[in-house]
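The structure presented is a predicted model; accordingly, all values stated were derived computationally and were not measured.
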Amino acid sequence: MGREDDRLHLLYEVTRRLATFTDLDELLRYATGRARELLDAEGAAVMLLDPARREFNFGVASQSETHQATSVRLLEIRFPAHLGVAGWVLAHDEAAAVPDAQQDPRFYNGVDQLTNITTHAILCAPLRARSGSIGVIEVINPTRPRAADDLEFLETLASDIAVAHEKAALHERLRGEVIGLRQVCRVAGLGLLALGAVYVQLGLALPVRELPTRPGVLDGLICLLVGALLSAVGRGWLSRGGAAARS
């Protein structure tokens, strides 16, 4: 029961942190590190798909104490997304447990050669997003490579990690759209301020008693007001974030 409780706690923690996380890498480091510990494995890594180059890269890697230096080395490695057990899992959208990697025809030993680690067993699950699989999570040399509940646990964790990536991508896309809209508001605001200033300047050249009867003066004031509001929006002054930054 202790093992199951620890796994449920990890899944709960990842789900809880999904609601408020601001650093995707920190969440992934926590998830892969705890997964490696709970599965009593030598290593665990999130391998993301680069769709343009059709390559895997190691987004986050966690290694046991005897292989700590390997974690940094893994982050520099890329290999074609059709190779290895990871490539098979990605292509078939199906988790896999490999008890004897050296005898499995799907195994790709290129990473072993670069890291000087011998892979004996693998647990691997796809990261399923609404747009398709975005990568895999892979655990190397777990103590129970044939355990069905271990693979089921990894698949559940993979689902949470995929959600985290989707949420981070959505946040980044929305952030880009907000920045774009603010830039439009700033440009439009400056244009209206300039136009309003011209109207007002022309109006002030008239006798004071004629100002209320000249629609151009009113138009100029409206342009100045709207331009000022758009400029404020473009600079983020009217947002809660902008107000907090100034406080």
Side-chain angles (χ1 to χ4, degrees), residues 14 24-25 27-29 31-33 35-36 39 41-64 67 69-148 150-170 172-173:
V14 172
L24 178 61
D25 286 344
L27 177 63
L28 296 184
R29 282 193 295 269
T32 53
R36 179 184 59 77
L39 293 172
E42 285 188 19
V46 172
M47 300 162 61
L48 299 175
L49 172 67
D50 182 339
R53 302 175 62 175
R54 297 301 300 175
E55 289 181 339
F56 280 124
N57 64 81
F58 287 81
V60 174
S62 173
Q63 300 295 118
S64 61
H67 299 292
T70 305
S71 296
V72 178
R73 200 176 310 161
L74 284 172
L75 300 181
E76 301 173 352
I77 295 175
R78 303 175 69 98
F79 65 93
H82 66 277
L83 295 180
V85 175
W88 186 92
V89 167
L90 182 75
H92 291 77
D93 192 32
E94 180 183 340
V98 180
D100 189 353
Q102 301 296 325
Q103 300 301 317
D104 194 296
R106 298 170 295 181
F107 177 63
Y108 168 66
N109 69 349
V111 177
D112 280 13
Q113 293 176 357
L114 292 172
T115 59
N116 296 320
I117 291 178
T118 301
T119 300
H120 301 290
I122 300 173
L123 294 177
C124 189
L127 304 178
R128 299 185 182 100
R130 283 174 293 183
S131 58
S133 293
I134 59 174
V136 302
I137 180 171
E138 192 170 76
V139 175
I140 300 300
N141 297 338
T143 54
R144 302 191 310 163
R146 291 181 180 275
D150 288 352
L151 193 59
E152 183 178 354
F153 160 70
L154 193 64
E155 283 192 273
T156 304
L157 182 61
S159 298
D160 288 341
I161 290 175
V163 169
H165 271 278
E166 279 192 308
K167 183 177 179 181
L170 176 60
E172 190 62 27
R173 185 165 63 250

- Message: I need the single residue from Asp150, Leu154, Leu123 that forms a side chain to side chain contact (heavy atoms under 4.5 Å, CB included) with Pro142. Which is it?
- Response: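 Per the side chain to side chain contact (heavy atoms under 4.5 Å, CB included) rule, the option paired with Pro142 is Leu123, out of Asp150, Leu154, Leu123.
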- Verify, without hydrogens or angle tests, whether Glu138 (side chain) and Val46 (backbone) share a donor-acceptor contact under 3.5 angstrom.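 Between the backbone of Val46 and the side chain of Glu138 there is no qualifying donor-acceptor contact (under 3.5 Å).
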- Message: Between Asn141 (side chain only) and Thr119 (backbone N and O only), is there a donor and an acceptor less than 3.5 Å apart?
- Response: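 Not at all, since once roles are kept as given, no pair shorter than 3.5 Å links the two residues.
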- Apply ring pair (Phe, Tyr, Trp, His ring centres under 6.0 Å) to Phe79 and list each qualifying residue two or more places apart in sequence or on a separate chain.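 Here the qualifying residues are Phe56, Tyr108.
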Calculate, to the nearest 0.5 Å, the distance between atoms [atom1] and [atom2] belonging to [X] and [Y] respectively.
X: Ile137; Y: Ile161; atom1: CD1; atom2: CD1; answer: 3.5 Å
X: Ile140; Y: Thr118; atom1: CD1; atom2: OG1; answer: 11.5 Å
X: Phe58; Y: Ile77; atom1: CZ; atom2: CD1; answer: 5.5 Å
X: Asn109; Y: Leu114; atom1: CG; atom2: CG; answer: 9.5 Å
X: Thr32; Y: Leu157; atom1: OG1; atom2: CG; answer: 8.5 Å
X: Asp160; Y: Leu28; atom1: CG; atom2: CG; answer: 11.0 Å

- Query: For residues 80-103, which residue pairs qualify under salt bridge (Lys or Arg N to Asp or Glu O under 4.0 Å), counting only residues two or more places apart or in two chains?
  - Reply: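 Pairs touching residues 80-103 that pass the test: Asp93-Arg128.
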- Walk me through it: do Phe107 and Ile122 pass the test side-chain contact (heavy atoms from CB on, under 4.5 Å)? CA-CA 9 Å; Phe107 177 63; Ile122 300 173; 4.0 Å; yes
- Message: Could you check whether any side-chain heavy atom of Arg78 comes within less than 4.5 Å of a side-chain heavy atom of Asp50, counting everything from C-beta outward?
- Response: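 Yes, side chains in contact.
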- Item | CD/Glu152: more than 12 non-hydrogen atoms of other groups inside 6.0 Å |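 Count not over threshold, so no.
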- side-chain contact (heavy atoms from CB on, under 4.5 Å) between Gln63 and Leu74, intermediate numbers included: CA-CA 10 Å; Gln63 300 295 118; Leu74 284 172; 3.6 Å; yes
- Please test Ser62 against Arg29 for side-chain contact (heavy atoms from CB on, under 4.5 Å), starting from the C-alpha separation and ending with a verdict. CA-CA 7 Å; Ser62 173; Arg29 282 193 295 269; over 6 Å; no
